[in-house]
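The basis for the numbers below is simple: all heavy atoms, side chains too, and nothing from hydrogens, waters or symmetry mates.
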Amino acid sequence: MLTVGDKIPSFSLTNDSGDVITDQSLAGRTVVLYFYPKDDTPGCTREAIAFTQHHDAFVDAGAQVIGVSRDPIHEHSKFKHKYAIKIPLLSDPDAHLHRAFGAWGMKNNYGKESEGALRTTFVIDKYGTVVRVFAGVKVDGHAEAVLGALTGATVPVSTGATVMPPAKKEKAEAAAKKTPAKKAAPKKAAPKKAEPAAKKSAPKKAKATAKKSAPKKAKAAKKVAKKAAPKKKAAPKKAAAKKSAPKKSAKKPAKKAAGKKAAKKAKKK
């Protein structure tokens, strides 16, 4: 593997746009050349997205980031389009450049040893000299570490480097915004609204009850009046008394007549 101070080897590879890139074409600028195993795999995707997110910061630092893998050009193109990758990708199908830089060898993957690409990043100055090597790269936070080495500043690790394609991510975010949070609380508030309605309806019920009870009270009053009415039948008794009155007056004339007869008899005597 190349170390700090080594000159990069001569090479000529094609990038995802079909352009031929050589060691000479990279002269005069700082280059961050990173080797990765395969397009559209979780770790490699996060790494490419992270470098893309900091693309402008690398440009401001005067550096160009270039990725290298064994994937063919058409796979690079699909990969870049799917995740909106801004980093140029070189195709090294025979792993010649991998071996020249020392980014190829035996690796242990979940207890199984195999030969393949070693995730490694080289920082090359404008003279084609290696000035920094990142071996055994761990994906998360790697892009920020490289940018920090170039600028001398601490770069916060990006939390947005996901493997979800931008198009799907935008749809998911839009769907999340459209989908309202569960509004179970307002439903619980509904019974409170029903209470005032019940209160308002109470007077109506009372009025209706009063209306219904009024006729009953009137009927009861009439019954009481009817029961009291028979007491007024004493008037006919007075009428009977008037009828008997003539009998008394009839007796008086008889007495007067008897008196007159007695007086006549007395005169005759």
Side-chain angles (χ1 to χ4, degrees), residues 1-4 15-16 30-71 75-92 95 97-98 101-124 130-176:
M1 181 179 290
L2 296 183
T3 58
V4 174
N15 67 11
D16 57 274
T30 300
V31 175
V32 175
L33 193 69
Y34 78 94
F35 293 84
Y36 65 95
K38 188 172 180 57
D39 290 339
D40 209 359
T41 54
C44 298
T45 300
R46 294 203 309 276
E47 188 175 19
I49 290 174
F51 274 122
T52 294
Q53 288 176 333
H54 295 291
H55 175 267
D56 293 343
F58 278 105
V59 172
D60 292 341
Q64 180 180 10
V65 180
I66 301 174
V68 185
S69 77
R70 297 180 61 207
D71 296 291
E75 289 295 336
H76 279 335
S77 298
K78 286 170 57 178
F79 178 51
K80 287 188 65 174
H81 178 72
K82 183 176 180 180
Y83 296 98
I85 305 299
K86 295 180 181 179
I87 309 304
L89 302 176
L90 299 180
S91 177
D92 184 27
L97 193 61
H98 285 72
F101 271 81
W104 185 267
M106 297 301 296
K107 57 184 181 179
N108 192 312
N109 187 20
Y110 297 105
K112 294 182 179 181
E113 288 191 353
S114 60
E115 187 178 22
L118 303 176
R119 202 182 295 276
T120 314
T121 299
F122 299 88
V123 179
I124 306 164
V130 176
V131 295
R132 185 72 182 265
V133 179
F134 294 84
V137 169
K138 301 297 181 184
V139 171
D140 298 325
H142 175 58
E144 290 79 8
V146 177
L147 182 58
L150 290 173
T151 61
T154 301
V155 181
V157 177
S158 173
T159 57
T162 64
V163 296
M164 183 181 290
K168 290 185 179 180
K169 187 177 181 181
E170 289 175 5
K171 286 182 181 179
E173 290 174 351

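Applying the salt bridge (Lys or Arg N to Asp or Glu O under 4.0 Å) rule to pairs touching residues 101-115 yields nothing, sequence neighbours excluded.
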task: I would like to know whether D92 and H98 meet side-chain hydrogen bond (donor to acceptor under 3.5 Å, both in side chains); could you show each step before the answer?
output: CA-CA 8 Å; D92 184 27; H98 285 72; 2.7 Å; yes
message: Assess the residue pair V68 and Y34 against the criterion (side-chain contact (heavy atoms from CB on, under 4.5 Å)); give the C-alpha distance rounded to whole Å, side-chain angles, the decisive distance to 0.1 Å, and a yes or no.
response: CA-CA 6 Å; V68 185; Y34 78 94; over 6 Å; no
- prompt: Going through the distances and angles, do F35 and L97 end up as a side-chain contact (heavy atoms from CB on, under 4.5 Å)?
  reply: CA-CA 9 Å; F35 293 84; L97 193 61; 4.1 Å; yes
CA sep, side-chain torsions, deciding dist, call: F122, L2, side-chain contact (heavy atoms from CB on, under 4.5 Å): CA-CA 9 Å; F122 299 88; L2 296 183; 4.0 Å; yes
Derivation of the side-chain contact (heavy atoms from CB on, under 4.5 Å) call for T120 and F101: CA-CA 9 Å; T120 314; F101 271 81; over 6 Å; no
message: Quick one, F51 with F58, criterion ring pair (Phe, Tyr, Trp, His ring centres under 6.0 Å). Give me CA distance, side-chain angles, the key distance, then yes/no.
response: CA-CA 9 Å; F51 274 122; F58 278 105; 5.8 Å; yes
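For the pair I49/I85, a side-chain contact is recorded, criterion being any heavy-atom separation below 4.5 Å from C-beta on. A 4.5 Å side-chain heavy-atom check between K78 and Y83 finds every atom pair outside the cut-off. Contact of the V146 side chain with the F134 side chain is registered, since non-hydrogen atoms from C-beta on lie closer than 4.5 Å.
Here the straight-line distance linking atom NE2 of H76 with atom CG of D40 works out to 12.5 Å at 0.5 Å rounding. In this structure, the separation between OG1 on T30 and CZ on R132 is 14.0 Å, given to the nearest 0.5 Å. Note that CG of L33 and CD of Q64 are 10.0 Å apart. Values are rounded to the nearest 0.5 Å. For the atom pair L89 CG and K80 NZ, the distance stands at 5.5 Å (nearest 0.5 Å).
The minimum heavy-atom distance between A143 and H54, with the atom names listed, is CB-CD2, 4.3 Å. Here the closest heavy-atom approach between residue P156 and residue E144 is recorded as O-CG, 3.1 Å.
T121 is linked by a side-chain hydrogen bond (donor to acceptor under 3.5 Å, both in side chains) to H142, counting only residues two or more places apart in sequence or in another chain. By the side chain to side chain contact (heavy atoms under 4.5 Å, CB included) test, V131 is found to be paired with V123, D125, residues two or more places apart in sequence or in another chain being considered. Take K86 and apply the side-chain hydrogen bond (donor to acceptor under 3.5 Å, both in side chains) test, not counting sequence neighbours, and it matches no residue. The side chain to side chain contact (heavy atoms under 4.5 Å, CB included) search around V139 returns R46, E47, R119, not counting sequence neighbours. For the side-chain hydrogen bond (donor to acceptor under 3.5 Å, both in side chains) test, no residue two or more places apart in sequence or in another chain qualifies with N15.
Judged by distance alone, with hydrogens and angles left aside, the side-chain atoms of S69 form no donor-acceptor pair with the main-chain N or O of P37 at under 3.5 Å. In this structure, T45 contributes its side chain and G43 its backbone to no donor-acceptor pair below 3.5 Å. With hydrogens and angles ignored, the 3.5 Å screen pairs no side-chain donor or acceptor of H55 with any backbone N or O of I87.
Partner of V32 under the side chain to side chain contact (heavy atoms under 4.5 Å, CB included) criterion, out of I66, L147, L150: L150 alone.
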